[in-house]
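Single-structure report; data block below.
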Amino acid sequence: MNGSSVSADPADPCAPATYRDGVRAGLPLALVVGIFGVSWGVLAGDAGLSVPEALLMSSTTFGASAQFAAVSILANGGGVAAAVVAAVLLNARYGPLALSVAPVIRGNAAWRLLQSHMVIDESWALANRGGGRFDPRLLVGAGVVMYAAWVGGTAAGILAGDLIGDPARFGLDAAFPALFVALLAPQLRKRRPVAAAVLGGTIALALVPFARAGVPIMVASAACLLGLRKR
Amino acid sequence: MSAIWATVLLVGVISVAVRGAGPVVLGGREPPARLVGAIELLAPALLTALIVVQVFGGDRRLELDERALGLAAAVLAVTLRAPVIAVVIAAAVVTALARQL
């Protein structure tokens, strides 16, 4: 997938990105994603998933928190319904994320579906150019390396076992929020994004003690409705 | 079908559908003008929510632990205009060191 020859979108005032730019932006974080992939693969093996089951789940669900939750629930005898509900709630935010990039996702339906599958928090955040604009090549380039790292990490974890140990020991659980801080900061120069950030953060914090995992972030995304324009 | 297969297939199919719905149905079309302002604010709202939940969120409770020091390091690095990767490394190193203490 070499997009460096793809012509620029003339409507985009920013310098056009290539798939390679997306790969480059995504690569450092993909390393961290891969390490979490290994630890999920280990957990999946311990929970009784076969190699094909674990690989199928990582390649279709492609959501760390959803997969950790589902497998933990199954391993503790929680049943299919509880596991599915927990995982779907945790992946539900990808609906609005994918919707926000939909205007720049072009091509036929199958290609749009494939591109949409590269949406995770990190690839979406890297593709965001502020002001509600997204670059599809950054999204897909960064998404592909993170996808490869997640599925590859899963394979390594379930086949080779615990190579690395608990990612938290290396502070890697702090890596993703730090990325989001770095990507959020440039957006906080105007009043309305600051208001949306404060409201979103407040809603999420307020709901954590009361709502199931995934719900606080989903509800917090509604803070963007501050920006609805009146007719 | 085993519980594992059922879970893997159901969650997988739903995840593909959740991601695909918007881009497959609306792909390439400009969003309605009313929604443009809301889409602009989705990133700040959602990034902040992800940050606070990943740093202060526990199992149905709020927690204050080493992750908060990592967040402080990230904020400091951003204030000093460090590149993104340095921000990420600073947060991870500070969090890891704090856990060693």
Side-chain angles (χ1 to χ4, degrees), chain A residues 28 49 53 56-57 60-61 70 74 80 83-84 87-88 91 94-95 98-100 102-103 105-106 109 112-113 116-117 119 121 125 128 131-132 170-172 174-182 184-185 187 193 196-197 200-201 204-205 208-209 216-217 220-221 223-229, chain B residues 3-8 10-12 14-16 18-24 26-31 33-34 36-57 60-62 67 70-71 74-75 78 84-85 87-88 90-96 99:
Chain A
L49 272 75
E53 286 165 338
L56 183 65
M57 186 163 210
T60 56
T61 301
L74 286 180
V80 174
V84 171
V88 168
N91 262 7
Y94 294 134
L99 190 62
S100 72
I105 301 293
R106 303 206 171 89
R112 295 203 300 275
L113 183 67
S116 77
H117 199 59
V119 172
D121 301 324
N128 180 15
F170 308 105
L172 294 182
F176 299 114
L179 171 74
F180 301 143
V181 167
L184 171 67
Q187 301 184 31
L205 277 182
V208 163
I217 289 173
S221 68
C224 76
L225 297 178
L226 283 178
L228 271 187
R229 298 214 170 119
Chain B
I4 289 173
W5 267 117
T7 304
V8 167
L10 275 169
V11 176
I14 294 170
S15 295
V16 169
V18 161
R19 283 191 173 94
V24 168
L26 301 169
R29 267 181 249 165
E30 284 306 308
R34 281 193 79 201
V36 170
I39 292 174
E40 279 180 34
L41 297 186
L42 182 62
L46 207 109
L47 288 174
T48 311
L50 285 168
I51 292 165
V52 298
V53 168
Q54 292 182 4
V55 173
F56 301 110
R60 293 241 178 155
R61 60 200 192 96
L62 297 174
R67 292 171 293 174
L71 175 65
V75 172
V78 167
V84 172
I85 189 63
V87 174
V88 171
V93 168
V94 167
T95 305
R99 285 193 176 124

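So that the names make sense, note that chain A is the first sequence line, chain B the second, and so on, each numbered from 1.
For R112(A), there are no salt bridge (Lys or Arg N to Asp or Glu O under 4.0 Å) partners, not counting sequence neighbours. Listed by chain and residue number, N128(A), A43(B), P44(B), L47(B) satisfy the side chain to side chain contact (heavy atoms under 4.5 Å, CB included) test with Q187(A) (two or more places apart in sequence, or in another chain).
For a residue to count as touching a neighbouring chain, one of its non-hydrogen atoms must lie under 4.5 Å from one of that chain's; by this rule L74(A) touches chain B with the side chain only. For V78(B), the part lying under 4.5 angstrom from a heavy atom of chain A is the side chain only. The contact between A33(B) and chain A is made entirely by backbone atoms, counting heavy-atom distances below 4.5 Å. For L26(B), the parts sitting under 4.5 Å from any heavy atom of chain A are the backbone and the side chain alike. Of the atoms belonging to A3(B), heavy atoms from both backbone and side chain fall under 4.5 Å from chain A. L71(B) touches chain A through its side chain: at least one heavy atom from C-beta onward sits under 4.5 Å away, while N, CA, C and O do not. With a 4.5 Å cut-off on non-hydrogen atoms, A70(A) touches chain B through its side chain but not through its backbone. Contacts of L46(B) with chain A are made by side-chain atoms alone, with heavy-atom separations under 4.5 Å and no backbone atom involved.
Summarising the geometry of V87(B) relative to A178(A), their closest heavy-atom pair is CG1-O, 3.6 Å, with the distance given to 0.1 Å. In plain terms, the two heavy atoms of G171(A) and A96(B) that are nearest each other are N-CB, 3.7 Å. Closest non-hydrogen pair, T60(A) versus G12(B), comes out as OG1-CA, 3.3 Å.
Each of V119(A), I105(A), L49(A), T61(A) has some count of heavy-atom pairs under 4.5 Å with chain B, and the biggest count is that of T61(A). The candidate with the highest count of non-hydrogen atom pairs below 4.5 Å against chain B, out of P103(A), A125(A), A83(A), is P103(A). The choice from G227(A), P28(A), A109(A), A220(A) that makes the most heavy-atom pairs within less than 4.5 Å of chain B is G227(A). With chain B as the partner, the residue from G95(A), P216(A), A102(A), S221(A) showing the most heavy-atom pairs under 4.5 Å is A102(A). Annotation: maximal heavy-atom pairing with chain A below 4.5 Å, among A38(B), S15(B), G20(B), occurs at A38(B). Per-residue counts of heavy-atom pairs under 4.5 Å with chain A were compared for G57(B), G70(B), A91(B), G27(B); the largest is that of G27(B). For the set A92(B), G22(B), A74(B), P31(B), the count of heavy-atom pairs under 4.5 angstrom toward chain A peaks at A92(B). Chosen from R60(B), R29(B), E30(B), the residue pairing most often with chain A at heavy-atom distances under 4.5 Å is R60(B). For the options L10(B), V75(B), V53(B), heavy-atom pairs under 4.5 Å to chain A are most numerous at V53(B). Chain A forms more heavy-atom pairs under 4.5 Å with one residue of V36(B), V94(B), L62(B) than with any other, namely L62(B). Of the listed residues G131(A), A87(A), A223(A), the one with more heavy-atom pairs under 4.5 angstrom with chain B than any other is G131(A).
Judged by distance alone, with hydrogens and angles left aside, the side-chain atoms of R99(B) form no donor-acceptor pair with the main-chain N or O of F170(A) at under 3.5 Å.
Proximity of F56(B) to L205(A): side-chain heavy atoms (C-beta onward) are separated by under 4.5 Å at one or more points. Contact of the V208(A) side chain with the R61(B) side chain is not registered, since no non-hydrogen atoms from C-beta on lie closer than 4.5 Å.
Partner of F180(A) under the side chain to side chain contact (heavy atoms under 4.5 Å, CB included) criterion, chosen from L50(B), T48(B), V52(B): L50(B).
Separation of atoms CD (Q54(B)) and CG (D121(A)) is listed at 6.5 Å; rounding is to 0.5 Å. For the atom pair CZ of R19(B) and CG of L113(A), the computed distance is 10.5 Å after rounding to the nearest 0.5 Å. Separation of atoms CE (M57(A)) and OG1 (T7(B)) is listed at 7.0 Å; rounding is to 0.5 Å. Atom CG in L179(A) sits 9.0 Å away from atom CD1 in I51(B) (nearest 0.5 Å). Rounded to the nearest 0.5 Å, atoms CG (L41(B)) and SG (C224(A)) are 7.0 Å apart.
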